[in-house]
Every structure is written in structure tokens, then in C-alpha cells.
Amino acid sequence: KKLRLVKELDFDEKYKLTSSNLYQSTDLRSNETKYYINLYFTHMDNTEDLSEEKINLKIAAGEGDGYASATLNAKTGELISFSSNIWGIPRPMSKAEDTADEKQTKAKREQAKKTADAFVSKMQPEKVNKVKFMDDGSSDNFTFNYARMENGAYFIYDSINVSVNKENMKISQYNCN
């Protein structure tokens with residue numbers, strides 16, 4: 001339920017929990033043992049008239065049309081990573097669509113960057129002033145990487161990464177190292 005409260009995520013009621021696991025990991029930098037919970041979801045469209053049992057059978061049969069996964073710190077509830085994708089039917093673009101798309105891409109990327117900046121500030125307020133944006137492109141998403149920077153040096157393994165879906169401008173991937 002906590003994930004559904006984060007309105008910026010590309011995650012709605014159509015995602016059904018399919019599995020979860022709890023694990024521990026030792027942070028190599030601090031030697032601290034941390035506990036995480038992984039949650040896996042299947043996206044199911046058009047389930048309004050189906051019982052929970054029928055939905056579960058469809059999920060078990062692999063009939064979902066997308067996925068989402070999230071990792072949370074099991075003790076604090078902090079969102080560590082998130083990823084979602086809905087499989088669509090690709091269609092070729094016409095030349096006119098391609099040209100129009102090029103004109104909109106820059107404006108959309110700027111809007112997506114603002115979405116990513118706001119999300120990083122919201123999710124990691126204590127780290128936001130210690131990271132600096134590093135440009136990186138992607139085909140289906142606008143991807144924004146923020147690496148910790150101290151005394152002019154980048155620490156790329158201490159970073160925050162956010163991908164914004166080009167179509168709906170929602171967060172499709174998030175990872176905080």
C-alpha cells in the first residue's frame with residue numbers, strides 16, 4: 001500500500017502482488033547488516049469482472065501484461081529501488097510522427113528531468129545536496145543519474161538513478177545505491 005501512495009511511481013491498482021522475499025545484506029562500506037524486502041507484482045488489465053481466484057490463476061499462467069518490482073529497507077520502509085514496465089505492441093512511426101517526436105523530445109526531457117529532480121528530493125532529502133546530475137540517455141525512458149560529489153570528486157557507486165517513462169511522465173525505475 002505504501003508504494004501506491006507514491007503518486008509519482010508508474011504503479012496503480014492493476015498491479016497484483018505475486019511474490020515477496022526478505023533477505024539480509026552486509027553493506028561493504030560500513031560493514032552493517034541491513035534487511036530488505038523484495039516485492040514482485042504482475043500487471044493485470046481488465047480484471048473488473050474477475051474473482052481474486054481467477055486473477056491469481058491468470059497470474060500463475062503468466063497472463064499478465066507487465067510487471068513491477070520494489071525493494072524496501074525492511075526496518076525503515078525506505079524505498080531502495082523500483083521498476084515497472086507494461087508490455088505494449090510496438091508500431092513503426094511514420095516520418096511525420098518521427099519529426100514531430102523530435103520537436104517534443106527536448107521539452108519532454110526537460111519535464112521528465114523536473115519530475116526526476118522532485119522525486120529525488122522527496123525520496124532522499126538528506127542525500128539530494130550531496131549528489132549531482134550526470135546525463136545518460138535511454139530509448140523508452142528519460143534516465144537521470146545523480147552521483148555523490150564531494151570536494152569536486154564524483155562517487156559513481158554512491159548514486160541515485162531515476163527513469164521517467166516518456167509516454168506518461170511517471171517514474172518507471174528508481175534506484176538508490
Side-chain angles (χ1 to χ4, degrees), residues 1-25 27 34-91 105 108-109 111-125 127-128 131 133-134 136-147 157-177:
K1 289 186 179 187
K2 181 178 179 173
L3 288 174
R4 295 191 207 288
L5 297 175
V6 183
K7 65 179 172 135
E8 297 90 346
L9 296 179
D10 192 3
F11 187 76
D12 58 25
E13 296 296 328
K14 293 180 181 182
Y15 286 95
K16 310 297 182 193
L17 182 65
T18 54
S19 67
S20 63
N21 71 307
L22 177 67
Y23 72 96
Q24 72 181 31
S25 178
D27 186 316
K34 296 183 178 184
Y35 297 88
Y36 299 97
I37 186 164
N38 286 331
L39 304 171
Y40 303 94
F41 301 85
T42 299
H43 187 271
M44 297 293 297
D45 213 357
N46 303 320
T47 60
E48 294 81 22
D49 298 330
L50 299 177
S51 68
E52 279 298 312
E53 182 180 4
K54 291 250 188 213
I55 292 170
N56 290 337
L57 287 171
K58 289 175 99 34
I59 289 171
E63 294 184 23
D65 60 354
Y67 78 93
S69 64
T71 301
L72 297 109
N73 181 306
K75 288 185 178 180
T76 66
E78 174 189 10
L79 180 63
I80 303 300
S81 67
F82 174 82
S83 180
S84 69
N85 191 16
I86 298 175
W87 302 296
I89 300 170
R91 64 177 182 86
T105 298
K108 276 191 161 188
R109 182 165 175 78
Q111 180 186 354
K113 170 92 169 38
K114 288 178 184 176
T115 299
D117 288 345
F119 191 71
V120 168
S121 294
K122 176 181 176 179
M123 299 304 290
Q124 296 295 329
K127 291 184 179 181
V128 73
V131 297
F133 170 68
M134 297 177 65
D136 183 24
S138 174
S139 60
D140 295 331
N141 299 299
F142 294 117
T143 301
F144 304 95
N145 299 308
Y146 304 82
Y157 295 105
D158 190 3
S159 62
I160 302 167
N161 307 301
V162 179
S163 293
V164 179
N165 181 292
K166 288 180 179 179
E167 294 298 316
N168 64 17
M169 301 307 284
K170 295 270 191 176
I171 306 298
S172 59
Q173 294 184 3
Y174 165 78
N175 190 42
C176 179
N177 298 336

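In this chain, numbering begins with 1 at the start of the sequence shown.
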Check whether any side-chain heavy atom of Phe41 sits under 4.5 Å from a side-chain heavy atom of Tyr67, and report yes or no. no

Going through the checks in order, is the side-chain contact (heavy atoms from CB on, under 4.5 Å) test met by Val6 and Phe119? CA-CA 10 Å; Val6 183; Phe119 191 71; 3.5 Å; yes

State which residue, out of Ser84, Ser19, Ser83, fulfils the side chain to side chain contact (heavy atoms under 4.5 Å, CB included) condition with Ser69. Ser83

NZ/Lys58: more than 12 non-hydrogen atoms of other groups inside 6.0 Å: no

With a 4.5 Å heavy-atom cut-off, do Ile59 and Leu57 have their side chains touching? no

How about Tyr146 and Asp117: does a side-chain donor come under 3.5 Å of a side-chain acceptor? yes

Rounded to the nearest 0.5 Å, how far does CG of Asn56 lie from CE of Met44? 9.0 Å

Ignoring hydrogens and geometry beyond distance, is a side-chain donor-acceptor pair present between Tyr174 and Gln124 at under 3.5 Å? yes

Okay, side chain of Ser51, backbone of Lys54: is any donor-acceptor separation there less than 3.5 Å? yes

Could you give the distance from CG (Asn175) to CG (Leu79), rounded to the nearest 0.5 Å? 9.5 Å

Hey, could you give me the CG/CG distance between Leu72 and Leu3, rounded to the nearest 0.5 Å? 5.5 Å

Starting from the C-alpha separation in whole Å, work towards a yes-or-no answer on ring-ring contact (aromatic ring centres under 6.0 Å, His included) for Tyr23 and Tyr35. CA-CA 6 Å; Tyr23 72 96; Tyr35 297 88; 9.2 Å; no

Are Tyr40 and Leu17 close enough that some pair of their side-chain heavy atoms sits under 4.5 Å apart? no

Taking the side chain as every heavy atom from C-beta outward, state whether Lys7 and Leu5 have any pair of such atoms under 4.5 Å apart. no

Would you mind checking if Lys122 and Glu8 are paired as a salt bridge, meaning a charged N to carboxylate O distance below 4.0 Å? yes

Would Val162 and Thr143 count as a side-chain contact (heavy atoms from CB on, under 4.5 Å) here? Give the steps. CA-CA 6 Å; Val162 179; Thr143 301; over 6 Å; no

Calculate, to the nearest 0.5 Å, the distance between atoms OG and CG belonging to Ser20 and Asn38 respectively. 9.0 Å

Interatomic spacing from CG in Asn165 to NZ in Lys170 - rounded to 0.5 Å: 10.5 Å

Check the pair Lys16, Ile55 against side-chain contact (heavy atoms from CB on, under 4.5 Å), reporting the backbone distance first and the verdict last. CA-CA 9 Å; Lys16 310 297 182 193; Ile55 292 170; 4.1 Å; yes

Beyond-backbone contact of Phe82 with Phe11, side-chain heavy atoms, under 4.5 angstrom: yes

If you measure from CG on Asp12 to NZ on Lys14, what distance do you get to the nearest 0.5 Å? 6.0 Å

So, do Met123 and Ile160 sit near enough that their side-chain heavy atoms are less than 4.5 Å apart? no

A cation-pi test, strictly: NZ or CZ of Lys166 under 6.0 Å from the centre of the six-membered ring of Phe142 and no more than 45 degrees from its axis. Yes or no? yes

Under a 4.5 Å cut-off applied to non-hydrogen side-chain atoms, are Asp10 and Asn168 in contact? yes

Ser172 and Ser163: side chain donor to acceptor below 3.5 Å: no

Are the side chains of Arg4 and Tyr15 in contact, using a 4.5 Å heavy-atom criterion? yes

Asp65: which of Asn85, Thr42, Asp45 passes side chain to side chain contact (heavy atoms under 4.5 Å, CB included): Asp45

